Amino acid sequence: MIFSPLLLILLPLGTAFLIPLVDLFHVETRRLMVIISASFSLFLGFAALWSAWPELLAGTFFHSYHLSGWLPPLGINLAFDSLGLLFSSLVTLFSFLIIVYSIGFIGHHEGKYYVLLFLFQAGCQGIVMTGDIFNLYVFIELSAITSYALIAFERDRSSLEATIKYMVYGILAGVFIFLGIIIIYRSLGTLNIAEIADNFHRIPLTLQRTSVVFLLTGLLIKLGVFPFHFWMAKVYGSAPASISALLSGTLAKVNIYILLRLFWVGTGFSVLREAGWDRFLLGIALLSTILGHVLALREREVKRMLAFSSMGHMGMIVAVLSLNTPLGLFAGLLHAVFHALMKTGLFLSAGYFLRFREGPKEKRFTGAAYRKLPIFIGFIIFALSMIGIPPLNGFFSKWFTMQAFLEKDVYPAIALIYSGNILGLIYYLPFVRQGMLGKESIMKQKSTSSPTPGFFYQERFVTTVVYILILLVMSSGLLPFVFQEPFEVMIAELTEPIRYIEHVLGGIIHE
Amino acid sequence: MKVFLTAIILAFTGGALFVNLGSIPDSFLLSHTASRFYREAVVTETGALNTVSAILYDFRAFDSLGESTVIFATVSGIVLLLSRKTLPVSSAGLSLIVKRTFGILTPFVFLLSVYIILHGHLSPGGGFQGGVLLAVITIIFCIIYGSSFDLSRYPPQRKTLIETTGALLFLGVGIIGIALTGSFLGNPSAWRGVPGTLPSAGSIVPINLGVGLKVGAGLAIIFYSMIQKTLKRQ
C-alpha cells in the first residue's frame, strides 16, 4: 500500500465536517467540494486496490495501523486484510456512484444530505477496516444513525413511518450486538478481534453460545433474514431511490462482512457448527429466500418489489455462506459483489423513472420506456441478470451457488433457488409491461424543487451512473474469473483465522 | 392471552439469561489485559490524572472520534427532519425577576462548563459533560428570554460554525499527532508537561476542547430546531 488505509476513513469524515462550514459561505463551492472529494476518495480506493493487487494475489496482503500509537491489546488498531479490501472497494465504488447520482437526483436540503452520505461512507469504511470489536460497534451505530436520517429524507408520512420502524429494529439489533460484545469483554478482558479469536475457546461454553446468540440475532435483524424481515419493504419502498440503492447495495454487503468477520474469524465457525446452528442458519436463510421471492410476486410498486427480491437474494447469500465450504464461500462472496451491482442498478434506474410522476406509487412506472429507452433497457438488463440469464453476471454467481449446494447434497436448496429464479421472471415481467404502456406525454419533466438548480443539477449525472452500472454488470459477466484468484486468498483467510491472528498480534508479547 | 404469552416468553428468556450470565468468570480470563495496564501506567504514559479521560482521549481516542461523530450525525439528521422554511417563532420569555436573576447566573454556567472541559484530564468530567452544560445556555436563552433573543445573540449559523470548528479541531489534533508521533491521534510526549498542572497531558486537552465545542453546539442546535416548531407566535 502506498498510503495508509486510514485515509479512506478520514477523507469522507473530514468532508462531512467541512460541508456545513462551507455551506454557510458559498453553496456552489460546497457542490464543487462534494464532487472533488467523492472523486478523490474513488481515486484513493482505486490506488489502494491497484497497489495491493500483487500482494493480494500472493496472499500476503495485510495492513495494520495502530491508532494513537498503542499496540493492539491497549489501543485500537485497524486490520486491513484482503476481505476488508474487497468490501472497502465496494463501499468506495458505490458511495461514489451514489453521490454522483444524487447530484442530479436530490433537489433540496442538499447540504445535510451530503453530510449524512459522507458520514455513512466513513462509517462503512470504518466497519470493514477496524480490528477492534467495540470500535466496530461505534461504526455500526454511525452507519445506522445516518441511514435513519437518510431514509426519512422526503419527510412525508410513509417515509417517517418507515424510519421509525427501521429505527426500532436498528436499535434492537444494536442492543443485541452490544450485549454480545459486553459478554465477550467481561469474560476475556480484551476487545481486540484477533485476541478474541485466539482465546475464544477459553470462555465457558454456555457463555460462548450466549454471546454468539446475541451477536447473530443482531446481525440477522440488520440483514433482514426471515423472522426479522418486516422492515425491509417499507424502508426500501419509502426511502429516496438513491438511499434504497445504498442500503441494499452497500449496507447489506457490509453486514455480510460483519457476519464473516465475527463468526468465521472472531469466534471461529466451530462454535456455530458444534451447536448445530449452521444448519439452523441455513434453514432460516433458505426460508427467507423463497419467502422473499413469493412476497415480491404480489407487489405492484417497483421499489417494494425490489426490496422483497433483495430479501430473497440476501437469504441466498447467507445460506450458501453457512455451508462453510470453499466453494460455498466463493459463491457467497461472488454473489455479494454481483448482487450489489445489479440491485444498485435496478434501484437507480427505477428511481430515475419514479421521479417524474406524482400520484399513486403503483402507477408511476407507466410509460417508462417512452421516457428514456436506454435506461429502460438497462432496467431490463439488470432484471435479466437477477434472474440469471447466461451472459450476465447473475448467472455465474448462481451457477457457483448451485454447485456449492450440490457438493454438500443440499437438494432442497437447489429446488428453492430454481423456483426463486422462475418467480423472479414472473415478478419482473409485469413491470416491463407496465413500462411499455402509456405514452411519453405521461412522464413529463417535473419542475425541480431545488431553490437554486445551479450548474450541477442536471439529468446527465443520473443517466451516466446507470450506464456505468450497465457496463459493469455486462463486463463482470464476461470475465467472472478475474475474481477467482483474489477470492481464493480471502477464503483461505476465512477458513484459517490463525493467519489473521498472527498478522495482528505477531511480534507482540502476549500469553 | 397475548400478554400472558409475552410474559411467559420474557420470564423464560430472563431465566435463561440469568443462568447463563451466572457463569461469567470472576476475573478476566486473560492476565495481561488492557485494563490492568491502564490502572498501573496511566499517569506515566499519558500525563493525565483522570484515568477515564486518558482512556477516552488517548488509548481509545478513535472511539471518541466515532462517538462524537455519531452526535454530529444525529444533529444533522434532526436539523434535516425539522427544518422549516418559515422563520423561527418566538416566545416572550418569563418575568423580569427571572430574567435579571439569570442575567447574573448565566455567565457562571458558561464558566463552569469551560472549567469542566479544560480540567477533563485532572478531575471528573471532560468534553462530553462540559459540552452538555454549554448547551444549557441556549435552553436558558430560549426559555427565559425568548427564542428571538437566542436568534439574535447566538444565531444558528454561529452554532454551526462552533460545531464544525470543534469537529475539525478533533480531526486536526489527530493529524498533528501523525506529524509529531507518527500515528493518528498520537499523544505527543513533548506536550505532556508536569502531571497535575493545567497545561499537561498532551493532546487530551485540545481533544477535550474539540469534543466540548462539538457536543455543546450540537445539542444547542438540536434544542433550537425542536423549539422552533413547538412555540406559537405571540
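What's counted below: heavy atoms across the whole structure, side chains too, no hydrogens, waters or symmetry copies. Protein chains get the first letters and strands the later ones, always in sequence-line order, with residue 1 at the start of each. Remember, it's a predicted structure, so these values are computed and weren't measured experimentally.
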- Against chain B, label A:Phe118 side chain, backbone, both or neither, depending on which of its atoms sit under 4.5 Å from a heavy atom there. neither
- Distance-minimising heavy-atom pair for B:Ser53 and B:Gly120: OG-O, 2.7 Å
- Message: Quiz question: by atom type and distance under 3.5 Å, do the side chains of A:Ser159 and A:Ser238 form a donor-acceptor pair?
- Response: no
- Using non-hydrogen atoms and a 4.5 Å limit, figure out which bit of A:Ile9 sits close to chain B: side chain, backbone, both or neither. side chain
- Message: Using every non-hydrogen atom in the two residues, find where A:Gly14 and B:Leu171 come nearest and quote the distance to one decimal.
- Response: CA-CD2, 3.6 Å
- Message: Please give me the minimum heavy-atom distance between B:Pro156 and B:Tyr224, naming the atom from each residue.
- Response: CG-CE2, 3.6 Å
- Item | chain B contact via A:Leu21 - side chain, backbone, both or neither, heavy atoms under 4.5 Å | both
- Item | Residue part contacting chain B, namely of A:Pro20, when any heavy atom lies under 4.5 Å | both
- Task: Specify which of B:Leu161, B:Leu17, B:Asn20, B:Val70 makes the most heavy-atom pairs with chain A at under 4.5 Å.
- Result: B:Asn20
- Item | Distance, nearest 0.5 Å, that separates CZ of A:Arg202 from CD1 of A:Ile196 | 13.0 Å
- Query: Relative to chain B, which segment of A:Ser187 carries a heavy atom at a distance below 4.5 Å: side chain, backbone, both, or neither?
  - Reply: both
- Task: Give, as side chain, backbone, both or neither, the part of A:Leu74 having an atom under 4.5 angstrom from any heavy atom of chain B.
- Result: both
- Tightest non-hydrogen contact, residues A:Leu8 and A:Gln125, listed as O-CG, 3.7 Å
- Please determine, among B:Asp58, B:Leu65, B:Leu168, the option with the most heavy-atom pairs under 4.5 Å with chain A. B:Asp58
- Tell me, do B:Leu29 and A:Asn199 make a side-chain contact under 4.5 Å, heavy atoms counted? no
- Contact leader toward chain B among A:Thr206, A:Leu207, A:Val213, where contacts are heavy-atom pairs under 4.5 Å: A:Leu207
- Message: I'd like to verify something: which residue of B:Pro25, B:Gly66, B:Gly77 has the highest number of heavy-atom pairs under 4.5 Å with chain A?
- Response: B:Pro25
- Task: Using non-hydrogen atoms and a 4.5 Å limit, figure out which bit of B:Ile24 sits close to chain A: side chain, backbone, both or neither.
- Result: both
- Message: Please classify the contact of A:Asp132 with chain B as side chain, backbone, both or neither, using a heavy-atom distance under 4.5 Å.
- Response: side chain
- Task: Could you check if a side-chain atom of B:Phe184 sits within less than 4.5 angstrom of a side-chain atom of A:Ser68, using non-hydrogen atoms only?
- Result: no
- Note on the structure: The interface call for A:Tyr137 against chain B, heavy-atom contacts under 4.5 Å, is neither
- Message: If we ignore hydrogens and angles and just use 3.5 Å, is the side chain of B:Ser64 paired with the main-chain N or O of B:Leu56 as donor and acceptor?
- Response: yes
- Note on the structure: In terms of heavy-atom pairs under 4.5 Å with chain B, the winner among A:Ile145, A:Ile76, A:Leu142 is A:Ile76
- Where on A:Ile19 is there a heavy atom nearer than 4.5 Å to chain B: the side chain, the backbone, both, or neither? neither
- Query: In terms of heavy-atom pairs under 4.5 Å, which option from B:Asp26, B:Thr165, B:Leu21, B:Asp63 contacts chain A the most?
  - Reply: B:Asp63
- Report the option among A:Ala149, A:Gly189, A:Pro204 that has the most heavy-atom pairs separated by less than 4.5 Å from atoms of chain B. A:Gly189
- Given B:Thr160, B:Thr69, B:Leu185, B:Asn187, the one with more heavy-atom pairs under 4.5 angstrom with chain A than any other is B:Thr69
- Item | Heavy-atom side-chain contact between A:Met129 and A:His63 under 4.5 Å | no
- With respect to chain B, which residue among A:Tyr65, A:Tyr148, A:Tyr113, A:Phe153 yields the maximal number of heavy-atom pairs within a distance under 4.5 Å? A:Tyr65
- Using 30° and 60° as the class limits, which term best fits the ring planes of B:Phe59 and B:Tyr38: parallel, tilted or perpendicular? tilted
- Item | Closest approach of A:Ala197 to A:Ile501 (non-hydrogen atoms, all atoms of both residues) | CB-CD1, 3.7 Å
- Note on the structure: Of the listed A:Val138, A:Thr146, A:Leu188, the one with the largest count of heavy-atom pairs under 4.5 Å with chain B is A:Leu188
- Which is it for B:Glu163 and B:Lys159 under the salt bridge (Lys or Arg N to Asp or Glu O under 4.0 Å) test, yes or no, and what are the steps along the way? CA-CA 6 Å; B:Glu163 192 194 13; B:Lys159 289 180 186 130; over 6 Å; no
- Item | chain A contact via B:Ile178 - side chain, backbone, both or neither, heavy atoms under 4.5 Å | side chain
- At their closest point, which heavy atom of B:Ala54 faces which heavy atom of B:Ile204, and how far apart are they? CA-CD1, 4.0 Å
- Message: Need one label for A:Phe139: side chain, backbone, both or neither, based on atoms under 4.5 Å from any heavy atom in chain B.
- Response: side chain
- Task: Counting only heavy atoms closer than 4.5 Å, note whether B:Ser27 contacts chain A via side chain, backbone, both or neither.
- Result: backbone
- Could you tell me which portion of B:Thr181 (side chain, backbone, both or neither) has an atom closer than 4.5 angstrom to a non-hydrogen atom of chain A? neither
